[in-house]
There are 2 protein chains.
Amino acid sequence: MWRHQVTAGLVLFLAFWSVAGGGKLLVVPQDGSHWLSMRMVLEKLWEKGHEIVAVVPDAALLLKSPQSFTIKTYSVPYTQEFVDKYYQEMGEKSFELTLTALLSNISQLTSLFFSACRHLLYDQELMRYLQDSKFDAIMMDPVLPCGPILAEYLSLPTVYFMRGLPCTLDYKVAQCPSPVSYVPRTFSSTSDHMTFPERVKNLLIGLSEPALCYLFYTEYRNLASEFLQRDVTMQELFSKASVMLMRYDFVFEYPRPIMPNMVYVGGINCVQKKPLSEEFEAIVNASGEHGIVVFSLGSMVSEIPMKKAMEIADALGTVPQTVLWRYTGPTPPNLPQNVKLVKWLPQNDLLAHPKTRAFITHGGSHGIYEGICNAVPMVLMPLFGDQMDNAKRVESRGAGLTLNILEMTSQDISTALRTVINDKTYKENIQRLSDLHLDRPIHPLDLAVHWVEFVMRHKGAPHLRPAAHDLNWVQYHSLDVLAFLLFVLLLSLFISFKCCLCCCRRFCGKKGRTKKAAKSKTH
Amino acid sequence: MWRHQVTAGLVLFLAFWSVAGGGKLLVVPQDGSHWLSMRMVLEKLWEKGHEIVAVVPDAALLLKSPQSFTIKTYSVPYTQEFVDKYYQEMGEKSFELTLTALLSNISQLTSLFFSACRHLLYDQELMRYLQDSKFDAIMMDPVLPCGPILAEYLSLPTVYFMRGLPCTLDYKVAQCPSPVSYVPRTFSSTSDHMTFPERVKNLLIGLSEPALCYLFYTEYRNLASEFLQRDVTMQELFSKASVMLMRYDFVFEYPRPIMPNMVYVGGINCVQKKPLSEEFEAIVNASGEHGIVVFSLGSMVSEIPMKKAMEIADALGTVPQTVLWRYTGPTPPNLPQNVKLVKWLPQNDLLAHPKTRAFITHGGSHGIYEGICNAVPMVLMPLFGDQMDNAKRVESRGAGLTLNILEMTSQDISTALRTVINDKTYKENIQRLSDLHLDRPIHPLDLAVHWVEFVMRHKGAPHLRPAAHDLNWVQYHSLDVLAFLLFVLLLSLFISFKCCLCCCRRFCGKKGRTKKAAKSKTH
């Protein structure tokens with residue numbers, strides 16, 4: 001499709017770039033499921049001949065997977081065993097969460113990543129290497145701001161690859177308007193069509209966001225100021241991104257204003273279907289006319305408390321479908337015959353199989369996009385983070401049903417599962433979303449690769465940066481102009497009033513004098 | 001690049017669509033230069049097997065060009081001779097404009113188009129044919145709202161192909177925020193970095209836009225209400241567009257918020273270069289090391305007053321380049337030897353020639369994009385419409401110089417032309433813009449074709465429609481929510497105050513009584 005007319009200069013420029021063996025990209029990834037889709041973009045870039053260097057901690061959950069590009073590790077003050085145990089317990093905790101447990105969980109994870117970040121930045125040998133390496137650009141998942149600090153330190157043009165920042169900071173730093181009246185805030189669990197009370201809630205969440213952001217990023221702000229040896233704000237650091245690759249798509253997100261440097265690449269993880277292995281092919285074929293249900297709580301959660309597992313097992317026994325359940329914990333004693341426990345499953349390939357009738361998921365964005373790509377109705381069991389909001393979006397489009405993991409009974413699970421399978425509207429709705437989602441001019445993976453290369457080629461994308469970045473809050477909202485116009489208006493009114501008063505006085509005075517004169521004449 | 005995973009359903013759907021011979025598209029074009037790039041999209045759609053029917057008046061300037069698709073004409077109350085004479089005089093008038101002449105000119109053109117629109121809508125036979133034809137979608141240039149009225153009448157999903165609407169109505173109807181602090185309004189002639197007085201001007205223009213729009217569209221609003229037999233507003237009609245293909249690009253436009261259904265296809269007219277004809281090739285080759293200058297005031301203006309023509313001829317004689325001037329008027333007696341007058345020139349092919357040093361243009365968007373695509377510095381002589389704003393944009397990027405056609409002297413023209421040719425920064429700046437503009441993941445023509453087909457396939461694009469359309473002004477700005485919160489705040493303050501008062505009174509009263517009791521005891 002690169003059919004456009006390329007001028008002589010550009011041809012030479014691209015030719016030189018190609019001869020030089022492509023660009024050199026530094027990558028600061030985020031551990032966990034976020035890494036999975038970022039890796040796809042990096043592998044594609046590597047195939048195209050770019051040199052890629054990723055900096056990762058020496059103890060991590062998913063970052064250690066085999067890669068085709070250079071990995072530079074830095075030491076962290078915790079062990080691999082600790083990380084493994086932490087994530088193993090995460091699933092169990094999610095099903096028993098009280099607010100205190102939730103906060104302690106978030107705080108522990110944040111401390112873990114924060115200490116990793118400090119160790120990265122103060123790894124002097126690694127920093128020297130990075131400074132000497134002359135990268136063309138830096139690509140990162142900025143959900144925690146270690147990457148933006150490093151980008152500022154190395155003065156590199158930046159590409160974000162992300163799915164949102166806490167307290168809607170991603171849109172704020174991009175200077176993107178987000179009217180609270182129809183753009184639901186994170187954790188508001190509302191759709192874009194809100195009732196009055198929902199709009200009140202959304203506005204209150206919106207008002208509280210700056211304070212939340214301030215608190216959330218305090219440690220990083222201090223670290224950044226200390227490391228860069230000047231006072232910096234998170235807003236300043238984050239606002240420097242040249243291009244933001246966002247794992248969003250409007251079949252799933254609510255339509256809203258966007259900015260020129262925001263590139264939506266939702267569904268980037270829906271890769272071409274590979275044939276199933278013999279083991280899974282046999283299970284699927286044996287399911288008969290009823291087909292199968294795919295059940296997974298994501299790459300980070302594979303064990304849950306036995307009580308919940310038994311309740312779920314009970315419910316799964318009530319449907320005629322074969323259920324493939326990714327589960328690594330001890331087998332529930334009441335496991336029905338139609339449920340097969342597996343340690344791992346090829347989720348996208350199974351969802352793409354025509355015999356798949358439903359998908360039970362925690363509502364992580366990767367899973368939801370795979371459900372949409374393959375048009376499989378969903379039962380959602382959101383655990384943490386953005387998953388409640390994701391589930392709400394799928395439900396509001398009539399493509400799935402959401403369960404509350406803390407309160408759901410066996411009956412609830414069974415009813416929800418049977419509804420999405422048997423009520424044709426769920427299949428019709430997800431099929432419609434799927435058709436819209438897949439009908440696009442270019443695959444999100446190619447789009448992402450293009451924009452990373454663009455930033456590397458042009459050392460940024462200054463033509464996409466709005467002038468709003470150079471205005472302060474008062475100027476942005478034209479408050480100074482309005483104050484000036486109000487002043488001019490009041491001044492003109494005052495002068496007019498004074499003039500009128502003056503004229504009146506003179507006129508009345510004259511009249512008075514005339515009257516007086518007339519009076520004196522009559523006397 | 002159509003590499004994405006297509007589900008079985010979508011494959012069947014697309015296969016059926018393809019077997020059925022593609023879709024059926026109704027087109028309501030706008031006469032003049034706007035038609036040139038729209039025709040390219042239509043020809044590409046026609047090549048892809050879609051049936052295309054365009055409704056055009058039987059007297060027009062450019063709409064009569066040879067086409068590969070079906071043309072349905074409707075009669076209008078003016079002749080072809082009148083149209084030809086009108087456009088012939090347009091150039092002359094542009095150079096002699098007073099405000100009265102300008103207003104009379106606009107008013108005459110508007111009346112012309114308005115009467116054509118009325119004749120289209122009340123052509124009963126044509127309307128019956130259109131109703132019976134079962135189109136999949138309607139595509140139009142909505143600069144004048146005849147198309148939107150017809151779309152509403154026929155209840156067809158709509159694609160706009162446009163370059164802006166009067167009074168920024170395009171962004172308003174799309175519910176797209178346009179902060180006046182950095183988004184310059186039409187006719188403001190400011191860049192996105194404004195001084196305080198410029199921001200005052202921009203805000204005042206912004207405030208006047210609703211009234212201007214109301215006045216501008218009065219006739220059409222009445223016609224629409226009469227024809228559709230119910231009260232309609234322009235806002236309502238325009239807001240129904242499924243997709244808006246906008247001839248914008250951020251190398252030329254200032255970065256600003258956009259909406260999901262806005263697709264930027266600026267530069268769509270920069271097609272692949274064809275070899276020059278022998279006649280032009282000979283002229284270019286004879287130009288020697290100095291190369292050539294291309295001079296055209298667009299497809300609609302080819303004659304100018306003799307006095308201006310002589311001044312321009314004088315100026316062109318001061319540069320060593322050969323100047324190719326598209327000009328159909330009488331030859332100026334002082335025409336220098338290095339200037340060749342031609343009735344028509346292959347503008348894009350000439351601009352793409354490596355010997356081209358500068359482009360003298362009226363600043364129409366088509367010409368400017370051809371200048372950008374081919375990296376040719378420009379001298380801009382804006383005549384009317386958006387051309388002043390276009391010229392300002394090119395100048396603000398250091399890629400050209402603007403002249404005031406009413407005031408420019410021969411010396412001004414000569415200085416400007418020599419500056420853009422000899423000052424290397426102009427070439428460097430336009431080359432940088434060109435590199436950024438051409439480095440895109442998909443050609444704008446393919447993008448436009450994709451979105452027209454998308455709307456035809458899915459009968460619209462409801463997933464791109466923001467919920468803001470369902471809110472009124474008060475709700476959109478959350479004024480009701482703010483009023484409610486203010487009420488709650490005041491009420492709580494009032495209750496707290498009353499409680500405090502009550503407590504104080506009781507406390508003071510008790511104290512008083514105690515004191516009294518104590519006093520009476522001492523007595």
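Protein chains get the first letters and strands the later ones, always in sequence-line order, with residue 1 at the start of each.
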Of all the heavy-atom pairs spanning [X] and [Y], show the shortest one and how long it is.
X         : Y         : result
Pro441(B) : Ile442(A) : CB-CD1, 3.7 Å
His463(B) : Pro255(A) : O-CG, 3.1 Å
Gln475(A) : Arg199(B) : O-NH1, 3.4 Å
Val481(B) : Val200(A) : CG1-CA, 3.7 Å
His458(A) : Asp435(B) : CE1-O, 3.8 Å

Which one of [options] has the most heavy-atom pairs closer than 4.5 Å to chain A?
options                         : answer
His477(B), Met259(B), Met262(B) : Met259(B)
Asn261(B), Asp480(B), Leu447(B) : Asp480(B)
Pro466(B), Ala461(B), Pro260(B) : Pro260(B)

Need one label for [X]: side chain, backbone, both or neither, based on atoms under 4.5 Å from any heavy atom in chain B.
X         : value
Leu203(A) : side chain
Leu204(A) : side chain
Asp192(A) : both
Arg432(A) : neither

What option among Trp451(A), Phe196(A), Tyr264(A) has the most heavy-atom pairs under 4.5 Å with chain B?
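Answer, by heavy-atom pair count under 4.5 Å with chain B: Phe196(A).
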Which of the residues Gly267(A), Ala467(A), Ser478(A) is involved in the greatest number of heavy-atom pairs with chain B at under 4.5 angstrom?
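Most heavy-atom pairs under 4.5 Å with chain B: Ala467(A).
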For Leu464(B), is it the side chain, the backbone, both or neither that has a heavy atom under 4.5 Å from a heavy atom of chain A?
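Contact with chain A: backbone and side chain both.
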Show the atom names and distances, to 0.1 Å, of all donor-acceptor pairs under 3.5 Å that link a side chain in residues 173-185 of chain B to residues at least two apart or in another chain.
residue	atom	partner	partner atom	Å
Ser178(B)	OG	Cys176(B)	O	3.4
Ser178(B)	OG	Arg256(B)	NH1	3.4
Ser178(B)	OG	Arg256(B)	NH2	2.8
Ser181(B)	OG	Tyr476(A)	O	2.6
Arg185(B)	NE	Glu209(B)	OE1	3.4
Arg185(B)	NH1	Ser178(B)	O	3.3
Arg185(B)	NH1	Val183(B)	O	2.9
Arg185(B)	NH2	Ser178(B)	O	2.7

Inter-residue atom distance Leu471(B).CG - His193(A).NE2, 0.5 Å rounding:
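One gets 7.5 Å once the value is rounded to the nearest 0.5 Å.
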